[in-house]
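One structure is given below, encoded as structure tokens.
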Amino acid sequence: MLPQSDKIWIRPSSIKTFLKNPYEWYQTHILKEYTAPKSYLTLGTAVHHGLNVGYEEFIKTGTLPNQQLVLEATSEEFLKLSATTQWTEEEDVNEFANLASRLTSAYHKEIMPTILPKYTEQYVEVKFDNNPYIAGVRGTIDLITQDDTLVDIKTAGMLSKSLQLKHELQLSVYSLLAKKAGMSIAGASIHEIVKPTSTLDTRTRIVKVDLQEEKADEILELLASRIADFYRAVNGEPILDPANLFHLQNSEYMYA
């Protein structure tokens, strides 16, 4: 058993990586192999930061924040992150900075005026008291509205035909965490901001997500067991099924 301070926390945003590629998850979360963020991560993080600043102001004042405030916050965050981003030779940093502003502006214009925010960047966690390697699950919810809708904000390169299915598990886990923390959650939705193309401008949409909390709870138990196997393997301890350590049967899991 690991000391409590050394136990790993599962993050809802990393669950999909584990289901699709356990070894990639293992490299990042157990071996702690750092890789510089790629452009799309820097772009998304900068947009999220700007919108969070906007929603903080919205909650404080009760009125829609000035667009300039949100854009400046996005630009400042992008500038800070871009210094450590892994840019390719084909990528123009200034174009990405402009894109971050366009995405933020579109959201501020089309979605933010329709929302009454209650919490933004809400941290939640649930501890696993009896797991020898896993401390628990924790993460940060982008937004919870006054009508108790849990919101996840996504930036995308194109409109997804299966947006709900792709993110159902993540939002269901967030809902579980929020409820166990004593918060009221009545539903969930994704706020998607789609990058412009040569023929289409930036697009936004709100997509409702059906929460599958019971199934998500089952998957968390399975994941905790499998992740504990990783730690046993790292420490040279026996594990129950070494042949499947990096080869999950996807039929066992939802959304894999």
Side-chain angles (χ1 to χ4, degrees), residues 1-2 4-26 28-30 118-145 147-154 160 162-192 206-233 239-241 244-256:
M1 177 179 290
L2 290 174
Q4 186 66 31
S5 59
D6 292 338
K7 288 184 180 182
I8 192 167
W9 286 93
I10 301 173
R11 301 192 70 86
S13 57
S14 73
I15 291 175
K16 188 182 296 184
T17 301
F18 187 91
L19 292 175
K20 288 186 174 181
N21 189 338
Y23 188 70
E24 179 184 342
W25 186 96
Y26 169 78
T28 302
H29 296 279
I30 294 184
K118 180 188 288 187
Y119 307 112
T120 183
E121 293 291 301
Q122 180 66 43
Y123 176 82
V124 286
E125 72 172 39
V126 171
K127 293 181 179 179
F128 292 172
D129 294 328
N130 299 319
N131 193 294
Y133 299 95
I134 313 302
V137 187
R138 65 184 179 188
T140 303
I141 299 169
D142 288 344
L143 178 70
I144 297 176
T145 65
D147 63 356
D148 296 326
T149 297
L150 185 154
V151 175
D152 198 41
I153 301 172
K154 302 289 188 186
S160 171
S162 57
L163 189 67
Q164 175 175 319
L165 184 60
K166 285 171 61 179
H167 302 294
E168 199 171 86
L169 173 59
Q170 183 179 344
L171 269 67
S172 295
V173 171
Y174 277 132
S175 181
L176 279 174
L177 299 182
K179 288 181 177 179
K180 289 182 178 181
M183 303 174 70
S184 175
I185 300 296
S189 64
I190 294 172
H191 293 180
E192 187 179 45
I206 298 176
V207 178
K208 290 185 178 181
V209 174
D210 294 328
L211 295 172
Q212 303 288 338
E213 294 170 347
E214 184 176 344
K215 188 66 177 180
D217 205 17
E218 293 174 5
I219 291 175
L220 285 177
E221 291 295 329
L222 288 168
L223 287 174
S225 175
R226 184 56 58 89
I227 291 167
D229 274 349
F230 280 130
Y231 267 102
R232 293 186 181 97
I239 61 176
L240 296 178
D241 193 2
N244 283 328
L245 186 59
F246 297 117
H247 302 283
L248 294 182
Q249 294 295 322
N250 284 349
S251 59
E252 298 177 24
Y253 300 100
M254 190 178 183
Y255 319 106

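- Considering CD1 of I144 and OG of S184, their distance stands at 9.0 Å, rounded to 0.5 Å.
- In plain terms, the two heavy atoms of A178 and I141 that are nearest each other are CB-CD1, 4.0 Å.
- Taking NZ of K166 as the start and NZ of K154 as the end, the distance is 9.0 Å to the nearest 0.5 Å.
- Under the side-chain hydrogen bond (donor to acceptor under 3.5 Å, both in side chains) criterion, K118 pairs with D148, sequence neighbours left out.
- Side-chain contact between E125 and W9: present, with at least one pair of heavy atoms (C-beta onward) separated by less than 4.5 Å.
- Distance check: L150 CG to Y119 OH gives 12.5 Å after rounding to the nearest 0.5 Å.
- Here E121 pairs with N52, T140, D142 under the side chain to side chain contact (heavy atoms under 4.5 Å, CB included) rule; sequence neighbours left out.
- F128 and V137 make their closest contact through CZ-CG2, 3.6 Å (heavy atoms, listed as atom of the first residue, atom of the second, distance).
- Taken from CG in L169 to CD1 in I219, the straight-line distance is 5.0 Å, to the nearest 0.5 Å.
- Of the inter-residue distances, the one linking I190 atom CD1 with E168 atom CD reads 9.0 Å to the nearest 0.5 angstrom.
- Residue A216 comes nearest to S172 through the heavy atom pair CB-CB, 3.7 Å, listed as atom of the first residue, atom of the second, then distance.
- Among residues two or more places apart in sequence or in another chain, the side chain to side chain contact (heavy atoms under 4.5 Å, CB included) test is passed with K180 by V126, D217.
- When all heavy atoms of Y174 and S13 are compared, the closest pair comes out as OH-N, 4.4 Å.
- Counting heavy atoms from C-beta outward, L176 and I185 have side chains that stay 4.5 Å or more apart.
- Scanning for side-chain hydrogen bond (donor to acceptor under 3.5 Å, both in side chains) contacts around K179 gives E213, with sequence neighbours left out.
- Counting heavy atoms from C-beta outward, D152 and V209 have side chains that stay 4.5 Å or more apart.
- Partners of Q122 under the side-chain hydrogen bond (donor to acceptor under 3.5 Å, both in side chains) rule, at least two apart in sequence or in another chain, do not exist in this structure.
- For S14, the side chain to side chain contact (heavy atoms under 4.5 Å, CB included) partners two or more places apart in sequence, or in a different chain, are R11, W25, H29.
- Side chains of M183 and V124 form a contact here, defined as non-hydrogen atoms less than 4.5 Å apart.
- Two residues are said to be in side-chain contact when any heavy atoms from C-beta on lie closer than 4.5 Å; T145 and S189 fail this criterion.
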